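First comes the structure, then the notes that go with it.
In each ligand, atom 1 is the first atom listed, and ligand 1 is the first ligand listed. Here the structure is a predicted model, which is why all the values come from computation and not from measurement.
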Amino acid sequence: MAATGAPTRAGAPAPLRWDGERLHALDQTALPWEERVIELADGAAVAGALRRLAVRGAPLIGVAAGYGLAMDAAREPTLAALDRAAAVLRSARPTAANLGWAVDRVVGAARGAGAGPRLAAAARAEAEAIDAENAAAGAAQARLGADLLAELGVRRILTHCNTGALACGEPGSALGAIAALAQREAAVHVLVCETRPLLQGARLTTWELRRLGIAHDLVVDAAAAGLVRAGAVDAVVVGFDRMAANGDTANKVGTYGHALAAQAAGVPFVFVGPTSSIDPAIATGDDVEIEERDAEEVRRAGGELVAPADTPVRNPAFDVTPAALVTAVVTERGVARPVDAGTLAALLR
Ligand code: MRU
């Protein structure tokens, strides 16, 4: 069953549910305090939910965008309308590769189907195919990721941001692999970086780990490097949003620092994610567009001002980790190890 069709293994409403006409999303901005489901009726509503991070995480962003286009195609089944809807969705968040990838797939399928009901049916079928493929990819990443972590003898893991069912659909990317490892090894423990400014680690990853029954401690982001150096973890395991052809990879801001700390300490650093997050059209990480978000996200924590109200701010939402710092990349098609243009191209063939 596709990611959007089932409640999460953690026992909460599904992060996305497609009822055949509308998309129902667990509003991630309300977590962990409230499990609020919102209804998204068209592409513009999906784009709005992506922008405010009610729906977030690279793989889930792709699935939601596909359904956004399918809903617009049902309402106005012309290529001109679909192109307009695609432009709105595409601009919602620039860094996650899955957004443009899913939009291209749905628009391409619709373009091949002419106009009218056939266009609408093609758009919907493609969105549902993306959803189903994403679910299958998540299961494979979890299995292959757990295999790799077991092989490396990993029990104690540091992770960043949120890469569970909330970000990807069940079972998640990096968190899916960690959960699969925990099913084999009782001693798995996760250090969760809080992930300022929007606290996806503190709010979402701890919420998921608690429901999964996996031991964890929350740490402030600034504690991570010292803990890695002190030998508190066996590996750093994270997801990713856009990987360039050479393996340079954009992920939630703070990831690069964790990779530097891991390399300095001789600890493996592993990315887990679907091949739909790999962008072979981008040669290196220098070409990745990094989303800059609202200054208020930094000036405030939990809604409260933590700096003078007019403090100038920089708020890049992602950073780029060079391939040279990465031990392995786990995808649904296999593991790239070492990580370079050749091993990644072999995975994508
Ligand atoms: O800004 P977000 O919350 O959409 O962040 C994207 C992510 O979820 C992360 O960067 C994650 O580590 C990789 S995508 C599962």
Legend entry - Worked check of salt bridge (Lys or Arg N to Asp or Glu O under 4.0 Å) between R196 and D221: CA-CA 7 Å; R196 271 283 285 157; D221 298 328; over 6 Å; no
Inset, instruction - Could you tell me whether the side chain of V46 reaches within less than 4.5 Å of the side chain of Y67, counting heavy atoms only? - result: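 No, their side chains stay 4.5 Å or more apart.
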Legend entry - Lys/Arg-Asp/Glu bridge criterion (N-O < 4.0 Å) met for E133, R105: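 Looking at E133 and R105, the cut-off is met.
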Legend entry - Shortest non-hydrogen contact between D310 and R299, atoms and distance: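 Closest heavy-atom pair between D310 and R299: C-NE, 4.1 Å.
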Legend entry - Qualifying residue, where the test is side chain to side chain donor-acceptor pair (under 3.5 Å) with H160 and the options are Q200, E194, H258, K252: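 Option passing the side chain to side chain donor-acceptor pair (under 3.5 Å) with H160: H258.
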Inset, instruction - Kindly tell me which protein residues have any non-hydrogen atom under 4.0 angstrom away from an atom of ligand 1, grouped by chain and ordered by number? - result: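 Ligand 1 is contacted, at a heavy-atom distance under 4.0 Å, by L53, R56, G57, A58, P59, R93, C161, N162, T163, A167, C168, Q200, G239, F240, D241, N251, K252, F318.
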Inset, instruction - Take R124 and E126 through the salt bridge (Lys or Arg N to Asp or Glu O under 4.0 Å) test and state the conclusion after the steps. - result: CA-CA 5 Å; R124 176 180 164 157; E126 194 66 15; over 6 Å; no
